[in-house]
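Every chain is numbered from 1 and lettered A, B, ... according to where its sequence line falls, protein lines coming before strand lines. We use all heavy atoms of the structure for the numbers below, so side chains are in, but hydrogens, waters and symmetry mates are not.
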Number of protein chains: 2
Amino acid sequence: MAEELTVGVLLFIPYRAMENRVFAAMAEAGYGDITVAQARLLQRIGPDGTRLTVLAEAAQVTKQTAGFLVDQLERAGYVERVPDPADGRARLVRLTGRALEGIPVADREVAKVEQEWERHIGKRRMAQLRETLTMLREITDPYQ
Amino acid sequence: MAEELTVGVLLFIPYRAMENRVFAAMAEAGYGDITVAQARLLQRIGPDGTRLTVLAEAAQVTKQTAGFLVDQLERAGYVERVPDPADGRARLVRLTGRALEGIPVADREVAKVEQEWERHIGKRRMAQLRETLTMLREITDPYQ
DNA sequence: TACTTTAATCAGTGTCTCTGACTATCGTCA
DNA sequence: TGACGATAGTCAGAGACACTGATTAAAGTA
């Protein structure tokens, strides 16, 4: 298995590694009940709350799926639904204190992993990688 | 949303784009019944067939899950199970003609997407990206 | 031969995601 | 202003995927 993998697969390997690391760190800090799907949604919730439809679009799932995940997150105490003052149909999904306290834990682990990577490939390559991926995002991210 | 994303998320965006493109191409060519999980398993099947346990390990799922996916692939006509001459307990999962015909379709789309990326970021950056990701793989791929 | 390991399957469960149908509200335009 | 299409969200039902735990059958080993 020392063959030349495609860039697609090569992108996935470190991504998956990062995800696993952050999840392990969260679990260790007492946030072991959050799933991958829930985390993807959590990341998209803005400081003043975000509508379900916006969340669904950003996470690339249906409204139903997003609603299902928010139900779970609400039950676990990570988010709350409040009426949207600007639109009677809509409700805003907002992070609770418990969720807000978890953010630094995740951020710290992300920073730690990025440092390990930088140590391995060097500062210059790391900056280049970030730059290149940002350029690639221009043509691959439909929701940027 | 023009903020600086973490490298982890930046890796995921183009990966996801590649995956979507390949799946769309496969669907267009008449392979629309293959799912992501099934494809991950299919990729790991060697030319002479591969045991279920090996497949499960490589794809990082349990034997049960791998067996479930192979059941589906068998029903759809992409793989067949044959006895392993070397071990009476084991059976080899082998690709059928139908699956083998699909491989070039996927390869072509991968090449096409990589070309588009190269056109956007340039030949030099593309080569650097491949190099950097390969280096990163050394510390992030437990199954290399 | 008895014991342990390995390959695969069976049974049961929980999570995630989808399609389709529905209610309530909003915005617009005649 | 009142009718109508669009939008926000929910309910109902289904399928895909992944897990743990237990079981059967065959190898390998002492």
In whole angstrom, what separates [X]'s [atom1] from [N]'s [atom2]?
{"X": "L52(B)", "N": "dA25(D)", "atom1": "CG", "atom2": "P", "value": "18 Å"}
{"X": "I34(A)", "N": "dG14(C)", "atom1": "CD1", "atom2": "C1'", "value": "18 Å"}
{"X": "L55(A)", "N": "dA8(D)", "atom1": "CG", "atom2": "P", "value": "13 Å"}
{"X": "L42(B)", "N": "dC17(D)", "atom1": "CG", "atom2": "P", "value": "12 Å"}
{"X": "Q60(A)", "N": "dC16(C)", "atom1": "CD", "atom2": "P", "value": "17 Å"}
{"X": "L92(A)", "N": "dT25(C)", "atom1": "CG", "atom2": "C1'", "value": "15 Å"}
{"X": "R91(A)", "N": "dT23(C)", "atom1": "CZ", "atom2": "P", "value": "18 Å"}

Phosphate oxygens OP1/OP2 of [N]: is one of them under 4.0 Å from a side-chain N or O of [X]?
{"X": "Q38(B)", "N": "dC17(D)", "answer": "yes"}
{"X": "Q72(A)", "N": "dC16(C)", "answer": "yes"}
{"X": "R51(A)", "N": "dT25(C)", "answer": "no"}
{"X": "R81(A)", "N": "dA8(D)", "answer": "no"}
{"X": "T62(B)", "N": "dA18(D)", "answer": "no"}

Checking contacts here: which listed nucleotide ([options]) is nearest the side-chain heavy atoms of [X]?
{"X": "T65(A)", "options": "dT5(C), dT17(C), dC17(D)", "result": "dT17(C)"}
{"X": "L69(B)", "options": "dT17(C), dC17(D), dG9(D)", "result": "dC17(D)"}
{"X": "Q64(B)", "options": "dA11(C), dG9(D), dC17(D)", "result": "dA11(C)"}
{"X": "R89(A)", "options": "dC26(C), dA8(C), dC17(D)", "result": "dC26(C)"}

Checking all strands, does D84(A) fall into the base, sugar-phosphate, or nothing category for heavy-atom contacts under 4.0 angstrom?
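Nothing: the residue D84(A), judged by heavy atoms under 4.0 Å, touches no strand.
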Heavy atoms only, 4.0 Å cut-off, all strands: where does T53(B) land among base, sugar-phosphate and nothing?
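Sugar-phosphate contact only - T53(B) comes under 4.0 Å of backbone atoms but never of a base.
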On DNA chain C, nearest-nucleotide positions of D87(B) versus K63(A): which is more 5'?
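Nearest nucleotide further toward 5': that of D87(B).
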Heavy-atom nearest nucleotide on DNA chain C for F68(A) versus D71(B): which residue maps closer to 5'?
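Mapping each residue to its closest nucleotide by heavy atoms, the 5'-most match is D71(B).
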Passes side chain to side chain contact (heavy atoms under 4.5 Å, CB included), V93(A) versus L55(A)? Steps please.
CA-CA 9 Å; V93(A) 179; L55(A) 242 38; 4.2 Å; yes
Taking the basic N atoms (NZ, or NE/NH1/NH2) and the acidic carboxylate oxygens, is any pair closer than 4.0 Å for R89(A) and D84(A)?
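No salt bridge links R89(A) with D84(A).
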R130(A) and E114(A) ion-paired at < 4.0 Å
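Yes, this pair counts.
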If only atom types and distance count, is the side chain of T65(B) paired as donor or acceptor with the main-chain N or O of V61(B) below 3.5 Å?
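No, T65(B) side chain to V61(B) backbone: no donor-acceptor pair under 3.5 Å.
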With no hydrogens and no angle check, is any side-chain donor or acceptor of Q72(A) less than 3.5 Å from a backbone partner on Q38(A)?
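No, because the side chain of Q72(A) does not come within donor-acceptor range (under 3.5 Å) of the backbone of Q38(A).
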